[in-house]
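One structure is given here, and the rest of the page talks about it.
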Amino acid sequence: MGKVVLVTGVARQLGGRFVRHVQRDPGVDRVIAVDAVPPPHQLGDAEFVRADIRQSALARILAEYAVDTVVHLDVSGKALGAGGRTAIKETNVIGTMQLLGACQKSPTVRRLVVKSSTSVYGSASRDPAVFTETTPPKSLPSGGFAKDAVEVEGYVRGFARRRPDVAVCVLRFANILGPHPDSPLADYLSLPVLPTVFGYDPRLQFVHEDDVIDVLGIAASEPRRGTLNSGTFNIAGDGVLLLSQCSRRLGKPTVPVLLPAVTWVGSALRTIGMTDFSPEQIRLLTHGRVVSTVQMRETLGFRLEFTTAETFAEFARSRGPGLLPPETVGRAVDRLAALPLPKGAGPRGRGTGAVQTTHGAR
């Protein structure tokens, strides 16, 4: 018999795509798609089971279908529908705990793949230029989705110790973009005008939706010769983009805001429902974050099709033209970059005389 794969979070676009993708694997005999709400898209020949992962029904489902591979994609920074931050956290953390508890009791489960995020590294002024999988964060995330991801990974490590017979793969994705993104950062980049932190131009990395689906397929399968698909891996496109470059390529003007006022701007945006401008997102848009993908290439044996710049270009095309021609935005950003900062407005209270690029040339 072929493998029986259970996938959580199938009502989201990414989960639905992976369910359709994994069915094409000749080694997969059956796919069980689980979510608390019916998906708005087709799932092919997969069997949809409506179940809330925060409840105890997962143990019964694993036993009933003799599931041997679990792909946990129901870890997200954005709620489905009208759900708020509380519902997101419960699904991310409590849901993961319930799923791992069910997997621990299941004698048939042999492989677990968990979708995580590079946000577990946090974003701080004294961060290293590049994070590896073993680099400890300088400042642990204090809330929001980033803290959820840290807690989820902690529970997964505990599960791996209790069930050493199960191959566990944790994929830390950079910001996922593409034609159909579903993330707070995509919402931010879709605003007509981008509020930025005055004096900072963070480095950002992106990973394309198509590459996400492909690497999930590799993680859920038996490892290919010369590779190992258990462990923790950073997944990000080659290269980086500055936020100023992103705004130019989108053709969108930026509104630099002094750091003390950014929290107020974020609250205002959340009030009108435009985007989740959380404190973690503010730190990302202040200090940026870049991760190493050496282990992804050399150990996991995966090479992405899209670079960070190519991923962003796909996203930009899907958004349509911005308010201004990119050349006009570029000239305006250059003029702003040449302006001296007000005294005390630079990082750690020192005027720098120019826009600081986080983790600039060293």
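Model, not experiment: these values are computed from the prediction.
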Does a donor on one side chain sit under 3.5 Å from an acceptor on the other, for [X] and [Y]?
{"X": "Arg163", "Y": "Gln104", "value": "no"}
{"X": "Thr96", "Y": "His72", "value": "yes"}
{"X": "Asp238", "Y": "Thr307", "value": "no"}
{"X": "Thr293", "Y": "Arg297", "value": "yes"}
{"X": "His287", "Y": "Ser125", "value": "no"}
{"X": "Ser247", "Y": "Ser244", "value": "no"}
{"X": "Thr232", "Y": "Glu133", "value": "no"}

Closest non-hydrogen atom pair, [X] against [Y]:
{"X": "Thr135", "Y": "Pro128", "result": "CG2-CG, 3.9 Å"}
{"X": "Phe145", "Y": "Ser117", "result": "CE2-CB, 3.6 Å"}
{"X": "Ala236", "Y": "Ala174", "result": "CB-CB, 3.6 Å"}
{"X": "Ile61", "Y": "Ala51", "result": "CD1-CB, 3.8 Å"}
{"X": "Gly77", "Y": "Ile88", "result": "O-CD1, 3.9 Å"}
{"X": "Gln23", "Y": "Leu43", "result": "NE2-O, 2.6 Å"}

Passing option when Arg172 is tested against Ile235, Val291, Val120 for side chain to side chain contact (heavy atoms under 4.5 Å, CB included):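 So the option named by the test is Val120.
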Please name the residue in the list Thr8, Thr86, Ile53 that meets the side chain to side chain contact (heavy atoms under 4.5 Å, CB included) test with Thr91.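 When side chain to side chain contact (heavy atoms under 4.5 Å, CB included) is applied between Thr91 and each of Thr8, Thr86, Ile53, only Ile53 qualifies.
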Does a side-chain heavy-atom distance below 4.5 Å link [X] with [Y]?
{"X": "Tyr188", "Y": "Ser183", "answer": "no"}
{"X": "Leu73", "Y": "Val10", "answer": "no"}
{"X": "Ser76", "Y": "Arg12", "answer": "yes"}
{"X": "Val255", "Y": "Leu194", "answer": "no"}
{"X": "Arg289", "Y": "Pro202", "answer": "no"}
{"X": "Val71", "Y": "Phe18", "answer": "yes"}

Quick one: do Val168 and Val70 end up in the same hydrophobic cluster if we chain Ile, Leu, Val, Met, Phe, Trp and Tyr together by side-chain heavy atoms under 4.5 Å apart?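 Val168 and Val70: one cluster.
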Shared hydrophobic cluster, Ile32 / Val7 (ILVMFWY, side-chain heavy atoms < 4.5 Å):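 Shared cluster, no.
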By side-chain contact (heavy atoms from CB on, under 4.5 Å), which residues pair with Ala57, not counting sequence neighbours?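 Applying side-chain contact (heavy atoms from CB on, under 4.5 Å) to Ala57 gives Arg60.
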Who are the side-chain contact (heavy atoms from CB on, under 4.5 Å) partners of Ile218, not counting sequence neighbours?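 With neighbours one apart ignored, the set is Arg224, Leu300, Phe302.
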Looking at residues at least two apart in the chain, or sitting in another chain, which of them share a side chain to side chain donor-acceptor pair (under 3.5 Å) with [X]?
{"X": "Arg319", "result": "Ser190"}
{"X": "Arg317", "result": "Glu314"}
{"X": "Asn229", "result": "Arg111"}
{"X": "Arg50", "result": "none"}

Got a donor-acceptor contact below 3.5 angstrom from the [X] side chain to the [Y] backbone?
{"X": "Asp25", "Y": "Val22", "value": "no"}
{"X": "Asp29", "Y": "Val4", "value": "no"}
{"X": "Asp35", "Y": "Ala11", "value": "yes"}
{"X": "Ser221", "Y": "Gly217", "value": "yes"}
{"X": "Asp211", "Y": "Glu305", "value": "yes"}
{"X": "Arg203", "Y": "Ala129", "value": "yes"}
{"X": "Lys147", "Y": "Glu280", "value": "no"}
{"X": "Asn92", "Y": "Val152", "value": "no"}
{"X": "Gln98", "Y": "Gly95", "value": "no"}

Apply side-chain hydrogen bond (donor to acceptor under 3.5 Å, both in side chains) to Glu153 and Ser116, showing your working. CA-CA 8 Å; Glu153 288 200 13; Ser116 187; 2.6 Å; yes
Salt bridge (charged side-chain N to carboxylate O under 4.0 Å, His left out) against [X], all qualifying residues, sequence neighbours excluded:
{"X": "Asp52", "value": "Arg54"}
{"X": "Asp148", "value": "Arg85, Lys89"}
{"X": "Asp45", "value": "none"}
{"X": "Asp210", "value": "Arg17"}

Quick one, Leu204 with Leu242, criterion side-chain contact (heavy atoms from CB on, under 4.5 Å). Give me CA distance, side-chain angles, the key distance, then yes/no. CA-CA 6 Å; Leu204 303 173; Leu242 300 175; over 6 Å; no
Just verifying a value: how many Å separate Cys169 SG and Leu216 CG, rounded to the nearest 0.5 Å?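 Rounded to the nearest 0.5 Å, the SG-CG separation comes out at 8.5 Å.
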side-chain contact (heavy atoms from CB on, under 4.5 Å) between Lys252 and Val193, intermediate numbers included: CA-CA 6 Å; Lys252 295 185 177 184; Val193 177; over 6 Å; no
Is there a side-chain contact (heavy atoms from CB on, under 4.5 Å) between Val294 and Thr132? Walk through the geometry before answering. CA-CA 8 Å; Val294 172; Thr132 68; over 6 Å; no
Go through the structure and list residues passing ring pair (Phe, Tyr, Trp, His ring centres under 6.0 Å) with Phe173, not counting sequence neighbours.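 So Phe173 forms no ring pair (Phe, Tyr, Trp, His ring centres under 6.0 Å) with any residue.
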Please test Arg110 against Asp165 for salt bridge (Lys or Arg N to Asp or Glu O under 4.0 Å), starting from the C-alpha separation and ending with a verdict. CA-CA 7 Å; Arg110 289 291 176 264; Asp165 59 310; 3.4 Å; yes
Just wondering, are more than 12 heavy atoms of other shown residues or ligands nearer than 6.0 Å to CD in Glu47?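 For Glu47, atom CD is crowded (more than 12 foreign heavy atoms under 6.0 Å).
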Working note: Leu14 + Lys115, criterion side-chain contact (heavy atoms from CB on, under 4.5 Å); need CA distance, chi angles, decisive distance, verdict. CA-CA 11 Å; Leu14 191 69; Lys115 170 181 172 283; 4.0 Å; yes
May I have all residue pairs that pass ring pair (Phe, Tyr, Trp, His ring centres under 6.0 Å) and include part of residues 201-256, sequence neighbours excluded?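 Residue pairs passing ring pair (Phe, Tyr, Trp, His ring centres under 6.0 Å), neighbours aside: Phe206-Phe312, His208-Phe306.
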